[in-house]
Amino acid sequence: MITEKWAHLDAAMVASSRKTIKELFAEDPDRAGKFTLEAAGWMLDYSKNRIDREVMKELFALARESNLETEIERMFTGEKINATENRAVLHTALRNCEKDAKVVVDGKDVMPDVRAVLEAMGDFSDSVRKGTWKGYTGKKIKYIVNIGIGGSDLGPVMANLALKPYSKRNLKFHFVSNVDSTHLAETLREVKAAETLFIVASKTFTTQETMSNAEAARSWLIEKLGSKDAVAKHFVAVSTAAGEVAAFGIDTKNMFGFWDWVGGRYSLPSAIGLSLMIAVGRKNYARMLKGYWKMDRHFRSAKLERNLPVVLALLGILYSNGYGAESYCVLPYDQYLARFPAYLQQMDMESNGKSVDRDGNPVECLTGPIEWGEPGTNGQHAFYQLIHQGTRLIPCDFIGCCRTHNPIGDLHDKLMANLFAQTEALAFGKTAEECRAEGVDEKLVPFKTFEGNRPTNTLLCDELNPETFGALVALYEHKIFVQGIIWNIYSFDQWGVQLGKVLAKGVLDDLTADKPSMRHDSSTNQLIARYRKAIGR
Ligand code: G6Q
């Protein structure tokens, strides 16, 4: 089975290595149109890749051999595909905009609960935005502080920036995640207690960082406003754990729920997006969900050959497993998407950073790539050198928006010119002959030559708005899903984050105890001893 499946990749590699991207364009002037797809407001031009029809045919065969179409249905219909946690994976239900849609998990249709939470979030957001939600002293809310980490932070942070043109500017948003007290302290310097709403966002409500920050914020608020009664007016929770929320002291009337079938890193369109809904309002939030849903429908129904997430995933497989590319770069040419690479980093690396297959055996291929990136054009002046002339192959996704929300002179033309030019330079490079023809000194020719043949995808939308934004996030979610299926790994658990958490508890005991156990290795013991000495403990 494995051999048959990967035989398609071998065949794809043979076909892919025959010609360079430059040669492929030279022999087919209409190539761009042949390798371009459109869905949910996004155009994907994937013609600047080391592919032709034959390569793609083998890659689609690889996907079919992996039962991709069946697996997509298993996810959308609520099967427990997150087998190591015995959970369904249904972030798609959160944005299912189909009227009267039913999605059944364990014999229960989850859609009424999804709609009810959205409604409650909408009412609450309205009250904060309109100023009818009053703080303990009767003042309106001006500052919103989301306290969460990982999946309960990265999505809200990223989306809050992405949709800033739609946000209510007189509300100020802050995100506290790190257990480094500096993060909370610096945030509290920026806000006034009587006008601050804390959203404690935690699926489990037991995460060390979030609970420590939430408790510290609660103490700060009580001290500033002089009464424990203030907590009810200044703290709300987003969680799946009502008991823990109540134990913390937040009235569960002010809790917005979600469910165990929403993975942390896929939870932005759940109640975890509450801070975003307060920022942009329920209508724009609904538009974002619609964008997600458009991409979901496309992913579920389009033929593999016309399917954007599938094509992106297969190209990634070609470079990872065929060419051994270790990393993958996402380069948004839009300042509003500045945090998108960091968000994707978690989504991709926590989902597919696995070395054991679904049968519990070591995988026999490279799995999730190292994902990274920065907004353009900044990256051009930093790390693009390595992408253009380094020894590693780094496939890149360039993301651009044709219209800007902030037209100033010709800045946007310049931004987009850089995006398009980079993909051109990476694909076609510059030969030694071209350098010589330009009169480059012979000694410098090797240094000024660009090999080219560097693969890129370009994603373009007319405008970054709530809909195209939602569709973009869903595009990458599904791409990552497809790759997990082909690698035969479980993409929706994250056991790899557990060990460090457990050990940190033991180390914390030794940092704080009167008589530390010092039962660690000599390096860890030395670090603990040095720390204790430095702080006089
Ligand atoms: C995401 C992970 C992880 C999680 C955080 C926060 O998929 O599970 O990043 O989101 O550890 O967890 P809580 O929301 O439970 O605090």
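Quick note: residue numbers are just sequence positions, from 1. Note that ligands are numbered from 1 as they come in the structure, with each ligand's atoms numbered from 1 the same way.
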Verdict with reasoning, D397 to Y476, per side chain to side chain donor-acceptor pair (under 3.5 Å): CA-CA 11 Å; D397 286 357; Y476 279 94; 2.6 Å; yes

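Taking the charged nitrogens against the carboxylate oxygens, K80 and E85 have no contact shorter than 4.0 Å, which rules out a salt bridge.
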Which atom pairs, donor and acceptor, lie under 3.5 Å between side-chain atoms of residues 280-289 and protein residues at least two apart or in another chain?
from : atom 1 : to   : atom 2 : distance (Å)
R282 : NH1    : D123 : OD1    : 3.2
R282 : NH1    : D126 : OD2    : 2.7
R282 : NH2    : E119 : OE2    : 3.1
R282 : NH2    : D123 : OD1    : 3.4
N284 : OD1    : R287 : NH1    : 3.2
N284 : ND2    : V280 : O      : 3.0
Y285 : OH     : L268 : O      : 3.3
Y285 : OH     : S270 : O      : 3.0

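Using modelled atom types and a 3.5 Å distance limit, the side chains of N352 and T367 yield no donor-acceptor pair.
Applying the ring-ring contact (aromatic ring centres under 6.0 Å, His included) definition to pairs two or more places apart or across chains, those involving residues 140-177 are Y166-H405.
Sorted by chain then number, the residues whose non-hydrogen atoms approach ligand 1 to under 4.0 Å are I149, G150, G151, S152, S202, K203, T204, T207, G264, R265, Q346, E350, Q494.
For R218, the salt bridge (Lys or Arg N to Asp or Glu O under 4.0 Å) test picks out no residue, with sequence neighbours left out.
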